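To start, the structure under review is shown below, and the notes come after it.
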Amino acid sequence: MTNDATLSLEDELAHWPTDEAAALATQDRLRARVRTAQSGPEPGFAGTVVGVDVAYDDERDLVAAAAVALDGVTLAVVEEATAVGRVAFPYVPGLLAFREIPTVVDALRRLGRTPDLVVCDGYGLAHPRRFGLASHLGVLTGLPTIGVAKNPFTSRYELPGEERGASSPLLDGTADGRDEVVGRALRTQKGVKPVFVSVGHRIDLDRACAHTLHLSPRYRIPETTRAADALCRRALSEARAG
DNA sequence: GCGACAG
DNA sequence: ATCTTGTCGC
């Protein structure tokens with residue numbers, strides 16, 4: 001891998017970090033490649049939104065990933081793909097991408113189409129170093145990505161209103177001790193705990209939240225993530241069996 | 001040093 | 001993430 005403007009997914013995967021120091025260095029090197037200026041696809045667009053998720057069996061050193069493509073308008077499942085591999089990195093808060101991305105990329109490659117948007121189970125900019133799983137995946141693949149997490153991690157927030165669609169800013173400390181907005185706590189269902197949305201790559205926060213709402217017509221968690229979660233668990237148990 | 005800490 | 005039964009409620 002090099003430091004010039006080009007980025008080779010192959011090289012990044014071939015030189016995947018194996019320790020924390022190398023992983024931190026990789027985040028520092030790739031962080032500047034995140035693109036926030038683009039507004040990204042509108043919710044309800046004529047295309048596919050792909051949800052990705054991963055399930056683990058650390059005992060057997062197995063990881064299963066799923067990529068599920070949904071119709072951007074109807075949310076109907078149009079295609080599914082899975083991949084199984086070896087655990088590439090231990091779980092370290094803040095370094096989740098190094099554990100999940102290699103197998104997720106495999107699953108995405110087995111998809112017979114290019115996603116118009118990828119929805120990740122985790123963070124984009126709402127990360128201690130502003131480079132969570134969604135941002136990392138976006139930079140490596142060049143695809144628009146967003147992160148929708150179930151917990152705020154290191155960020156703080158005020159509870160948004162009870163209504164579906166209500167939101168409040170997600171705040172996280174910056175290097176010089178100040179607070180900055182890194183995402184949004186978004187209520188996807190009335191009276192239900194909010195989800196934590198942040199920009200991954202090539203999309204803005206307003207659209208990231210609009211997509212999240214559109215993808216969550218009935219449950220707290222987006223249909224993309226629900227579908228990918230169910231599929232990767234299925235893939236993991238099949239890998240265990242045979 | 002201690003606690004907190006996406007999945 | 002994962003270990004795990006029943007149970008309350010729409």
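Letters A, B, ... mirror the listed sequences (proteins, then strands); counts begin at 1. This structure is a prediction, so every number in the text was calculated from the model and none was measured.
Closest to the A/Arg240 side chain, of the nucleotides C/dA1, B/dA6, C/dC3, is C/dC3. Closest contact between the side chain of A/Leu236 and the listed nucleotides C/dT2, B/dC5, B/dG7 involves C/dT2.
Atom P of nucleotide B/dG7 and atom OH of A/Tyr91 are separated by 7 Å, given to the nearest angstrom. As rounded to whole Å, 17 Å separates atom P of C/dA1 from atom CG of A/Leu62. Put simply, CD on A/Gln189 is 13 Å from C1' on C/dC10, counting in whole angstrom units. The distance from atom CZ of A/Phe196 to atom P of B/dC5 is 12 Å, rounded to the nearest whole Å. Between the CD atom of A/Glu100 and the C1' atom of C/dT2 there is a distance of 14 Å, given to the nearest Å. Across the protein-nucleic acid pair, A/Asp229 atom CG and C/dT2 atom P stand 8 Å apart, rounded to whole Å. A straight line from CG of A/Leu231 to C1' of C/dA1 spans 17 Å, rounded to a whole angstrom. Rounded to whole Å, atom P of C/dA1 lies 9 Å from atom CD1 of A/Ile221.
For A/Arg184 and A/Tyr157, the positive end is not near the middle of the six-membered ring at less than 6.0 Å and at most 45° from its axis.
Here A/Ala126 lies out of heavy-atom contact (under 4.0 Å) with every strand. Among the protein residues, A/Asp58 comes within range of no part of the nucleic acid, since none of its heavy atoms lies under 4.0 Å from any strand. At a threshold of 4.0 angstrom between heavy atoms, the contacts of A/Tyr56 are confined to the sugar-phosphate backbone, with no base atom among them. Base contact: A/Gly94 has a heavy atom under 4.0 Å from a base atom. Residue A/Leu95 is in base contact, counting any heavy-atom pair closer than 4.0 Å across all strands shown. Residue-level contact check: A/Arg233 touches the backbone only, with heavy atoms under 4.0 Å from sugar-phosphate atoms and none from bases.
Note on A/Arg99: every side-chain N or O is 4.0 Å or more away from OP1 and OP2 of B/dA6. OP1 or OP2 of B/dG7 has at least one side-chain nitrogen or oxygen of A/Lys150 nearer than 4.0 Å.
The existence of a salt bridge linking A/Asp121 and A/Arg226 is excluded, since no basic side-chain nitrogen approaches an acidic carboxylate oxygen closer than 4.0 Å. A salt bridge links A/Glu79 and A/Arg113; the closest N-O separation between the charged side-chain nitrogens and carboxylate oxygens is under 4.0 Å.
For the residue pair A/Thr154 / A/Asp172, a side-chain donor-acceptor distance below 3.5 Å is found, with atom types taken as modelled. Residues A/Tyr91 and A/Glu100 bring no donor and acceptor atom of their side chains to less than 3.5 Å of each other.
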